[in-house]
There are 2 protein chains.
Amino acid sequence: MNDEAYNAYSFLLDRTARRVKQYAQQRFKEQGFDITVDQWLVMKHLYKQEDRKQNELAELLFKDNPTLTRIIDLLCDKGLTERKPHPEDRRSFIVSLTRAGEKKVEQLKPKMKEVRAKAWEGLSERDFHQFKKVLNTIYQNLS
Amino acid sequence: MNDEAYNAYSFLLDRTARRVKQYAQQRFKEQGFDITVDQWLVMKHLYKQEDRKQNELAELLFKDNPTLTRIIDLLCDKGLTERKPHPEDRRSFIVSLTRAGEKKVEQLKPKMKEVRAKAWEGLSERDFHQFKKVLNTIYQNLS
DNA sequence: CATCAATTATTAGTACAACAACTATTTTTA
DNA sequence: TAAAAATAGTTGTTGTACTAATAATTGATG
């Protein structure tokens with residue numbers, strides 16, 4: 001494959017990832033959900049399994065600790081999550097959803113489903129598997 | 001396809017796009033190239049065809065005008081690009097590479113080629129076409 | 001046990017992403 | 001042609017990404 005093709009795929013990758021995030025963000029805003037896509041991802045993980053240390057969350061989401069710290073700060077400011085001291089390690093915090101946070105997740109789940117489905121229109125299960133394979137291969141090549 | 005699968009693709013997409021940018025950025029840093037990936041993309045376009053208006057550049061790169069303004073500001077601060085007044089439209093500027101900017105592009109081109117090739121290791125031409133198809137479909141679905 | 005190394009979370013600084021609002025022009029249209 | 005609309009670029013603000021540096025704590029090694 002020639003140079004231009006290599007450049008082309010990485011350009012498309014970046015462009016599409018930005019578009020997906022932007023689209024979801026716009027839908028959130030339309031609905032008056034006062035939250036960002038990244039904040040949503042953190043909340044969704046906490047909903048599935050509460051009581052996460054920040055660095056566990058960071059690992060799950062492939063974000064670094066400083067980024068997580070700030071996202072959690074904002075979520076706590078909004079009253080959607082809270083930090084509790086870790087019982088065995090005083091360096092750590094356990095992050096969990098508040099009642100308001102849980103309600104928010106339940107509100108947003110169906111909306112996110114629509115957004116995801118919209119992006120995937122006209123594509124098949126087979127496309128999905130192939131797509132996933134390529135994304136994972138690229139990720140591993142660069143790790 | 002179920003909800004979790006939809007969530008998975010967008011997560012992987014975002015994660016991989018971040019990894020690709022991060023990887024290129026690290027290689028730049030190793031080589032002592034004092035430039036970011038986005039700044040590189042702007043310079044590459046200016047090298048291919050000089051004399052671009054800022055909004056033409058923005059359109060080519062699918063970035064918005066404020067983002068371009070700031071990238072150009074930084075490149076001008078580094079002496080790699082310059083703004084000249086547009087001869088026919090006093091609202092516009094023509095952006096072009098300086099001599100130093102041209103040299104920089106020539107230095108970085110082969111390095112970028114390596115970086116891109118690394119990401120694509122173990123994938124075929126067919127994978128690439130399929131991947132491109134999915135990316136473009138998603139992009140268009142959300143436009 | 002004392003020291004050194006590793007880990008958890010934070011803060012600071014720079015850059016990009018997206019949106020809104022604004023200035024200065026140019027183009028449209030009434 | 002005068003007023004309204006559109007366009008080019010900038011500035012301000014918020015949020016995320018990455019790096020480096022730091023404080024507090026824990027774990028490992030001598």
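Residue numbering restarts at 1 for every chain, and letters A, B, ... go by the order of the sequence lines.
Atoms NE2 (B:H86) and C1' (C:dA24) sit 16 Å apart, rounded to a whole Å. As a whole-Å value, the separation of B:R90 CZ from C:dT27 P is 12 Å. Taking atom NZ of residue B:K53 and atom C1' of nucleotide D:dT7, one finds them 9 Å apart after rounding to whole Å. In this structure, CZ of A:R91 is placed 13 Å from P of C:dT10, rounded to the nearest angstrom. For B:W40 and C:dA15, the CH2 to P distance is 19 Å, given to the nearest whole Å. Here the C1' atom of nucleotide D:dT11 and the CG atom of B:D64 are 13 Å apart, to the nearest Å. Rounded to whole Å, the distance from NZ on A:K78 to C1' on D:dT14 is 10 Å. The distance from atom CG of B:L80 to atom P of C:dA15 is 13 Å, rounded to the nearest whole Å.
Of the candidates D:dT16, D:dG9, C:dT8, the closest approach to any side-chain atom of A:L74 belongs to D:dT16. Considering only side-chain atoms of B:D89, the nucleotide from C:dT26, C:dC16, D:dG9 that sits closest is C:dT26. Nearest to the side chain of B:K63, among C:dC19, D:dT16, C:dC16, sits C:dC16. Each of D:dA17, C:dA9, C:dT8 was ranked by its minimum atom distance to the side chain of A:D38; first place goes to D:dA17. Ranking C:dT8, D:dG9, C:dA17 by closeness to the B:T69 side chain, first place goes to D:dG9.
For B:K29, a side-chain nitrogen or oxygen approaches OP1 or OP2 of D:dA20 to under 4.0 Å. At D:dT7, none of the side-chain N or O atoms of B:N55 fall inside 4.0 Å of OP1 or OP2 (strictly under the cut-off).
Base contact: A:N65 has a heavy atom under 4.0 Å from a base atom. The residue A:R83 sits close only to the backbone: its heavy atoms come under 4.0 Å of sugar-phosphate atoms, none of a base. Across all strands shown, A:T36 has heavy atoms under 4.0 Å from sugar-phosphate atoms exclusively, and none from any base. A:Q26 comes within 4.0 angstrom of sugar-phosphate atoms only, judged by non-hydrogen atoms across all strands, and of no base. As judged by a 4.0 angstrom heavy-atom cut-off over every strand, B:I71 is placed among residues touching the sugar-phosphate backbone only. Using a 4.0 Å heavy-atom criterion, one finds that B:S92 contacts the sugar-phosphate atoms exclusively. Among the protein residues, A:R70 comes within range of the nucleic acid bases, having at least one heavy atom under 4.0 Å from a base atom. Among the protein residues, A:Q25 comes within range of no part of the nucleic acid, since none of its heavy atoms lies under 4.0 Å from any strand.
Between the side chain of B:K78 and the backbone N or O of B:D34, at least one donor-acceptor pair lies under 3.5 Å. The backbone N or O of A:V95 lies less than 3.5 Å from no partner atom in the side chain of A:T81, so there is not a single donor-acceptor pair. Of the possible polar contacts, one joining the A:R19 side chain to the B:L142 backbone as a donor-acceptor pair under 3.5 Å is found.
In terms of position on DNA chain D, the residue among B:R19 and B:Q54 whose nearest nucleotide sits closer to the 5' end is B:Q54. Position along DNA chain D of the nearest nucleotide to A:E88 versus A:V37 favours A:V37 as the more 5'-ward residue. Residue whose closest nucleotide on DNA chain C sits further toward the 5' end, between A:Q22 and A:E56: A:E56.
No more than 12 heavy atoms of other residues, nucleotides or ligands lie within 6.0 Å of CD in A:E59, so this atom counts as exposed by the packing criterion.
Using bins of under 30°, 30° to 60° and over 60° for the plane-to-plane angle, the ring pair A:F128/B:Y9 lands in the perpendicular bin.
Side-chain contact check for A:W40 versus A:F33: every heavy-atom pair is 4.5 Å or farther apart.
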